[in-house]
Each structure stands twice: as C-alpha cells, then as structure tokens.
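I have placed the structure first, in the form of structure tokens, so that the comments after it can refer back to it.
Labels below follow one simple rule: chain letters A, B, ... track the order of the sequence lines, proteins then strands, and each chain is numbered from 1.
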There are 2 protein chains.
Amino acid sequence: MTASMSEAIEPIRTAVVDEDGIDFALIELFFFAYRDFTSDPDEILADYGFGRAHHRVLHFVNRRPGLTVAELLDVLKITKQSLARVLKQLIDTGHIVQVQGPRDRRQRELYPTAKGRALALDLARPQSRRIAQALQDSGQGFDVSERACVERFLKAMVNPELRAQIDILPHESR
Amino acid sequence: MTASMSEAIEPIRTAVVDEDGIDFALIELFFFAYRDFTSDPDEILADYGFGRAHHRVLHFVNRRPGLTVAELLDVLKITKQSLARVLKQLIDTGHIVQVQGPRDRRQRELYPTAKGRALALDLARPQSRRIAQALQDSGQGFDVSERACVERFLKAMVNPELRAQIDILPHESR
DNA sequence: GAATTACGTCAATAGTGCTGACATAATTTG
DNA sequence: CAAATTATGTCAGCACTATTGACGTAATTC
C-alpha cells in the first residue's frame with residue numbers, strides 16, 4: 001500500500017485537457033447534474049427513513065404495476081438480497097402490496113397502494129420541475145426541441161441490450 | 001412499521017402516466033444512463049481495490065492540480081471524514097502527492113503523479129467513448145449540435161450556485 | 001497573545017450493495 | 001408420478017461510501 005521507493009514522486013502541475021477523444025467536460029457535468037438531480041427526492045425520503053433504493057423500487061412499481069420480483073430485479077440490476085430489505089420496508093409501511101400471481105402462484109405481483117402512488121408522485125415532482133426548468137433555461141428558443149435531443153442522448157447512453165426494457169415502460173408521446 | 005389496520009389495502013393496477021408536469025420518462029432515462037455510464041470505470045477500479053469515491057477524487061485532482069483539501073471537499077460536497085480514507089489510499093498507492101502550500105503552509109496542495117494521471121485517463125476513456133457513441137447515434141445529422149444541446153442541458157440541471165465552480169474547470173471550446 | 005483556520009484522526013453509525021447458503025412452495029419435465 | 005427447475009424469502013457476513021461529533025496540531029490572522 002505504500003508508494004514504491006524513497007525518491008520523491010514528481011507532482012504533475014498541468015491540468016488534463018480534453019484531447020484524444022477524452023471528454024472530461026461532459027463526464028463531470030454528468031456527475032454534477034446527476035448528483036443535484038437525486039438530491040431533490042433524497043430530502044423527502046429522509047423524512048420517511050427511506051433511501052434511494054426505496055425510491056427506485058417505488059418508481060418502477062408505479063410505472064409497471066404488477067411487476068414480479070424477478071422482473072424488478074432485472075430492471076434494477078441488483079441482487080435479491082439487496083432488494084429484500086427495501087421491498088419489505090415498503091410493504092410494511094403500506095406503500096406497496098404483493099398479490100399472488102394469477103397464472104403462476106409462486107410469483108408475487110407488486111402493486112403500489114394509494115399511499116405508494118402518492119409518494120412516488122411527490123418524489124417525481126421536484127425532479128420533474130428541475131428537468132422542465134433546465135430544458136427551458138437551456139433551450140435555444142428556435143425550432144429545436146431540447147427535450148427530444150436530451151431524450152435521444154440519454155437513451156443512447158444506456159447499454160443497447162437494455163433499451164428494449166425501457167420501451168416497455170409507458171411514455172406520453174412517441 | 002406495519003401497515004395500519006387489518007383491512008386489505010387496495011392495489012392500484014394502472015400505471016402512472018406523464019401528466020401534470022411529471023416527467024417519469026426522463027427521470028428513469030437519467031437513472032439508466034447514469035448507471036451504465038458509471039459501470040465502465042467501476043470495472044477498472046475494482047482491479048485496484050478502488051471505488052467510485054477514488055475515481056471522483058482522482059478526476060478532480062487531475063482537472064485542477066494544486067487543489068487544496070478544502071477546495072476538493074467543496075467540489076465533491078462530502079465531509080472531511082469521507083474524503084480522508086480514499087485520499088489516503090490514493091496517496092499511499094502513489095497516484096496523488098501532497099505538497100505544502102506555498103503561501104499558507106497549513107494547506108496541502110494535491111497533485112496527480114504520472115501514475116495518477118494515467119489512471120484518470122484510463123477511467124475517462126470508456127466513458128468518453130460511450131458519450132461520443134451516444135452523441136453520434138442520437139445526432140440528427142443536420143446542423144444541430146447534439147453535444148452543445150446536451151452540455152447546455154446538463155449544466156442547467158446543476159444547482160445554480162454551483163455553476164460558477166464548473167466554469168473554473170478547464171474546457172476546450174467555449 | 002488569542003482566536004481562527006486547515007488539516008488529520010478517532011469512534012460510532014447508516015444505507016446500499018455484494019456472495020453464498022438454505023428453505024419452501026409451485027410448476028414443469030421426463 | 002417423481003424429479004428437476006423456478007420464484008421467492010431469509011440468514012449470516014462483508015465491503016464501500018457516506019454521515020456526525022469530538023479532539024489535536026500547526027499555522028495564520030487579528
């Protein structure tokens with residue numbers, strides 16, 4: 001764990017620049033943007049003793065009511081054990097209910113309750129406000145649809161094999 | 001922690017839709033995009049026994065060589081204690097060196113070593129590739145600069161009071 | 001000289017992720 | 001029908017990143 005040898009290791013005093021296809025500017029903008037984007041719901045969640053994991057579960061159960069546990073794991077790309085804790089808490093607090101699968105009785109379909117729906121909307125509100133404001137602030141005014149541009153870009157950033165999953169989720173226009 | 005009362009809580013069977021200014025579509029796209037975006041460097045970091053916190057520190061020390069500890073804390077918005085561990089590891093492994101501040105000897109200026117610069121570039125490479133590919137895939141071809149649009153949007157998503165900090169960082173065009 | 005600042009460190013805690021193992025019930029397969 | 005597989009739940013233990021609060025030291029400022 002120690003720096004090899006005893007000679008002084010030379011500090012590099014020049015900043016890295018965006019060269020050779022290295023895009024530090026967008027990399028760090030993405031970091032800052034996502035951090036502030038998630039900070040909005042974080043404050044609300046804290047009041048419930050919940051964290052981001054709860055938010056994500058609540059979000060997707062609201063977006064796809066009747067999801068099974070396996071499907072949810074596949075969307076979130078986490079393990080059963082990681083999901084178990086947060087899902088149990090959301091069920092115990094009456095935000096989500098489990099319903100035995102109609103065809104396959106081993107499955108548990110997950111549905112939001114009115115309480116769970118309300119919380120999901122409360123969490124989405126400040127994030128939506130931030131997005132709307134950002135689109136408005138950054139829009140060029142003209143014909144160019146900032147929203148369409150951003151939506152295309154974000155989707156293209158997702159691993160190709162996962163894009164099919166996204167298309168399952170409800171969307172307004174398209 | 002238990003759902004109040006004994007009556008069955010009704011599951012809501014309809015999916016939430018994007019209405020009343022709620023933008024679920026972009027919210028979840030942002031989640032998916034950021035998750036995959038960070039998965040690239042995560043694999044490399046694992047080889048070093050490092051995590052995302054190490055990546056962030058290494059990134060900003062490379063972007064602003066000579067940063068003091070206090071400045072780094074201000075950029076990352078974490079506590080001294082959270083930084084301490086990861087910074088110590090990066091110093092012990094010879095990725096970052098501390099130099100006593102020239103004016104104020106209490107300060108420790110942080111600089112990357114050649115090793116630290118190399119790792120920062122290795123981590124930025126797959127992320128930059130993903131961004132470039134996404135911009136290309138999503139670009140409309142025409143005159144519209146997808147990159148400019150995305151950069152404006154991401155910057156507008158950041159809390160206004162923090163945007164000044166971003167402008168300090170080196171950038172190519174602008 | 002006293003207060004403040006910059007930094008380091010210690011102890012304790014929380015949230016979220018992981019692996020591996022095991023149990024149960026239901027469905028599918030041979 | 002018996003056996004294998006699948007869907008889910010649960011237990012134990014671990015890792016990483018973050019938190020708060022407290023304390024110490026050295027350097028600077030007032």
Does the Lys NZ or Arg CZ of B/R56 fall within the cation-pi geometry relative to A/F31 - under 6.0 Å from the ring centre and within 45° of the axis?
no

Geometric cation-pi criterion, A/R130 with A/F37: 6.0 Å, 45°:
no

Relative to the ring of B/H95, is the ring of B/F50 parallel (under 30°), tilted (30 to 60°) or perpendicular (over 60°)?
perpendicular

Please check if any side-chain donor atom of A/S138 sits under 3.5 Å from a side-chain acceptor atom of A/E146, or the reverse.
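Present: a donor and an acceptor within the cut-off.
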
Regarding B/D23 and A/Q127, do their side chains bring together a donor and an acceptor under 3.5 Å, going by distance alone?
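Checked: B/D23/A/Q127 side chains show no N/O donor-acceptor pair below 3.5 Å.
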
With nearest nucleotides of DNA chain D determined for A/Q107 and B/G49 from heavy-atom distances, which residue corresponds to the more 5′ nucleotide?
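The residue whose closest nucleotide sits nearer the 5' end is A/Q107.
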
Looking at C/dG8, I'd like to know if its phosphate oxygens (OP1 or OP2) sit under 4.0 Å from a side-chain N or O belonging to B/Q98.
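The answer is yes; a side-chain N or O of B/Q98 sits under 4.0 Å from OP1 or OP2.
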
Under 4.0 Å: is that the gap between some side-chain N or O of A/H54 and OP1 or OP2 of C/dG15?
no

Considering only heavy side-chain atoms of A/R108, the closest of C/dT9, D/dG9, C/dC7 is D/dG9

Report whether A/Y48 and A/F60 are members of the same hydrophobic cluster (ILVMFWY, side-chain heavy atoms less than 4.5 Å apart, transitive linking).
yes

Annotated protein contacts, base or backbone, on nucleotides 20-30 of chain D with a non-hydrogen cut-off under 4.0 Å, one of B, S, - each
BBB---BBS--

Quick check on DNA chain C: between A/G51 and B/L87, whose nearest nucleotide comes earlier from the 5' end?
B/L87

B/R85 near the nucleic acid: base, sugar-phosphate alone, or nothing, with a heavy-atom cut-off under 4.0 Å?
base

Between P on C/dT9 and CD on B/Q89, what's the gap in Å once rounded to a whole number?
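About 13 Å, once rounded to whole Å.
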
